[in-house]
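As the structure is a computational prediction, the values presented were derived from the model and not from experiment. Letters A, B, ... are given to chains in the order of the sequence lines, protein chains preceding strands, and every chain is numbered from 1.
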Amino acid sequence: MNLAMKDLRRQKVSFSATALGLGLLFAIVLAMGGIYRGLVEDATLLVDHLGADIWVVQRDTRGPFAERSTVPPALEDRLRAQAGVASARSFSTATIQRIVGVRSLRMTVVGLSWPEDKGQALPLVSGRHLRDPHREVIADRSLGLALGEILPLGDETFRVVGLTQGMLSSGGDGLVFSTELDARAILNWQAPEAKRVEREGRLARLAVTELDTLSNQDRLRDERFNPPTLAPFPANAILVNLRPGASIEEVQRGLEAWPDVTAYTAQEQRDLLLKGVVEKSRKQIGLFRALLAIVSGIVVTLILYNMTVAKTHDIALLKLLGARSSVVVKLVLNQGLLLGALGYGFAILIAKFLFPLFPRRVLLGPGEYLGVGMLVLILVTLASAAGIVRALRIPPTLILAG
Amino acid sequence: MEAVRAENLFKTYGHGATEVKALLGVSMVAHSGEVVALLGPSGSGKSTLLTGLGLLNPPEKGTIDLMGERVLEDGKAFGDLAALRRSRIGFVFQKSNLIPFLSAHENVRLILALNDQMGPETYTRSQELLEYLGVGNRSRHFPEELSGGEQQRVAIARALAPAPPLILADEPTAALDSQRGRAVMELFRKVAREQGTAVVVVTHDHRTLDVFDTIYEMEDGVLSRAEKTA
């Protein structure tokens, strides 16, 4: 006779409500782990996806994900000439916030190295990859853009030709992929008034040089004129892939001798990201999670202890009737395990249906579910122990006291 | 046959100025099929004797034999007292003390389950007992759905379920009106006669003393046999 179940059938509603409350607590413990995994996934997603062997960035910087890094696109040519290098491509990325229609969209623009990279490796959920070198983008679904929607960015408009899912930056913003040239144009866009002010500035600077001729002044006034002496828009990094058999360490060592750049392997760039962007969040989330686990433990202990106290009379009666201690232990432990199992079941349901609505990615794998499941099992077992100690101390003669 | 024999029981609570001698050399016997009443004022030691016989509160001195077998001697237990309680002693209390989350049927089957009897025969045994005690039609009901008299009948059925040689009842009619109280006492006599069980009842109700075969009176820890007047 399962006394625990028999008891619970008389208090289905209150037991279920208690389990739901616990489920919410367990769900938050689950979410903390999922948010951390989501952070790591988001932070390393681009590095992993771009598949470069070496990241070449501005000297003594940690790369485009950690801080501002600018390198001239012409660096590509110098790198291609290096022994062991198969390809080199510019890479630009930055987070921008624009008003699109009535929405304020925060997005991270990523440049793809056209024509080698048209986004073929991107996991599209609808649409297609880039076909034209200009005015096409692939956007993440989290941005709420529709396929075919026109996105005005800078002086240009871009058509959304493909949609991805779960492609987010380390800041949790949806990624927008364009060609590298378009990305640089978007990221370095200036308003017409800013351009006019810049032209006036150039004229003023020309006026104090020996080149201040009427013809030069006319050229500078022409808005289509771009002085050949000005550098093109910089990139944030150059991504290098090596020839088969080439040693990453050797090429990296060679590049380290260059005074204007720093070279990181993909793993180093990944580590930098995790240490820089994720480390503090990891500690914060870890501490918060530990606190939550302690709170959950205390709550479960109090609930199970009070459930046992509420059954003091029944337990005394069982003992008076000669019930073995194991009967009493089973009664308390089974209810603890049932409460834990039901609470954990609610937590899984919450995770399945509620977490996808969270603004940041909550990434839960089997390991996470198993880990929290084990935690719940340990918590309810320990919490039940408090109830069991109490139950075993109840004297059977309590019944005779009236 | 002697269902229970107590010899020279002594029990003291507290010590020094607060010392109370609850049992002072108490001896008694209850035979199979016999209904025994324990009378006495509050604080006379009746409940101490009952809990002693029920192996819940062993006396410091003296012996208790159940069905001719020594189970307690000078506070020392021979065997597992809890196991002896669940198999050889049935308890009935002032309040029915049924488990509130079990139906009448389940309350009776519970004691069988505690005695490791799980099979379908426990359903039959439980139903038979409930019908025997006149509450067969209430077997699916929970205690809160039963009247006080019905609850006591279910409690008696539970006490009888493992067919113990001894039933101990502590003021089982105190919460009932006189008519239902008398009905319960007569049930005890019926059970004793038909099941061969010895029933020891602590009671204050002098109107039902005619039901009992033997009457003991307790005062200040001393037990004496009283003459039946009715």
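Around the CG atom of B:Asn137, the shell of radius 6.0 Å holds more than 12 heavy atoms that belong to other residues, nucleotides or ligands. The environment of A:Met5 atom CE is sparse: at most 12 non-hydrogen atoms of other residues, nucleotides or ligands sit within 6.0 angstrom. Counting heavy atoms of neighbouring residues, nucleotides and ligands inside a 6.0 Å radius, atom CZ of A:Phe358 exceeds 12 of them. Counting heavy atoms of neighbouring residues, nucleotides and ligands inside a 6.0 Å radius, atom NZ of A:Lys6 exceeds 12 of them. The environment of A:Phe288 atom CZ is sparse: at most 12 non-hydrogen atoms of other residues, nucleotides or ligands sit within 6.0 angstrom. Taking a 6.0 Å sphere around CD of A:Glu279, one finds it holds more than 12 heavy atoms contributed by other residues, nucleotides or ligands.
Looking at A:Arg324, both its backbone and its side chain come within 4.5 Å of chain B, counting heavy atoms on both sides. For B:Asp170, the part lying near chain A is the side chain, with the backbone staying farther off; criterion is any non-hydrogen pair under 4.5 Å. Proximity to chain A is limited to the side chain of B:Arg158, based on heavy atoms less than 4.5 angstrom apart. In this structure, the portions of A:Leu321 lying under 4.5 Å from any heavy atom of chain B include both its backbone and its side chain. If you measure heavy-atom distances from B:Ile99 to chain A, the contacts under 4.5 Å come from both the backbone and the side chain. Of the two parts of B:Pro100, the backbone and the side chain both hold a non-hydrogen atom closer than 4.5 Å to a non-hydrogen atom of chain A. Only the backbone of B:Ser103 has a heavy atom closer than 4.5 Å to any heavy atom of chain A. Proximity to chain A (any heavy atom under 4.5 Å) is shown, for B:Glu171, by neither the backbone nor the side chain. Only the backbone of B:Leu98 has a heavy atom closer than 4.5 Å to any heavy atom of chain A. Both the backbone and the side chain of A:Leu320 come within contact range of chain B, judged by heavy atoms closer than 4.5 Å.
Side chains of B:Phe93 and A:Leu317 form a contact here, defined as non-hydrogen atoms less than 4.5 Å apart.
The CG atom of A:Leu398 lies 11.5 Å from the CG atom of B:Leu56; values are rounded to the nearest 0.5 Å.
Chain B forms the most heavy-atom pairs under 4.5 Å with one residue out of A:Leu318, A:Asp7, A:Asp314, and that residue is A:Asp7. Residue with the most contacts toward chain A among B:Leu110, B:Asn115, B:Ile111: B:Leu110 (heavy-atom pairs, distance under 4.5 Å).
Considering all non-hydrogen atoms of both residues, B:Phe101 and A:Arg9 come closest at O-NH2, 3.2 Å. Closest non-hydrogen pair, A:Lys319 versus B:Arg85, comes out as O-NH2, 2.9 Å.
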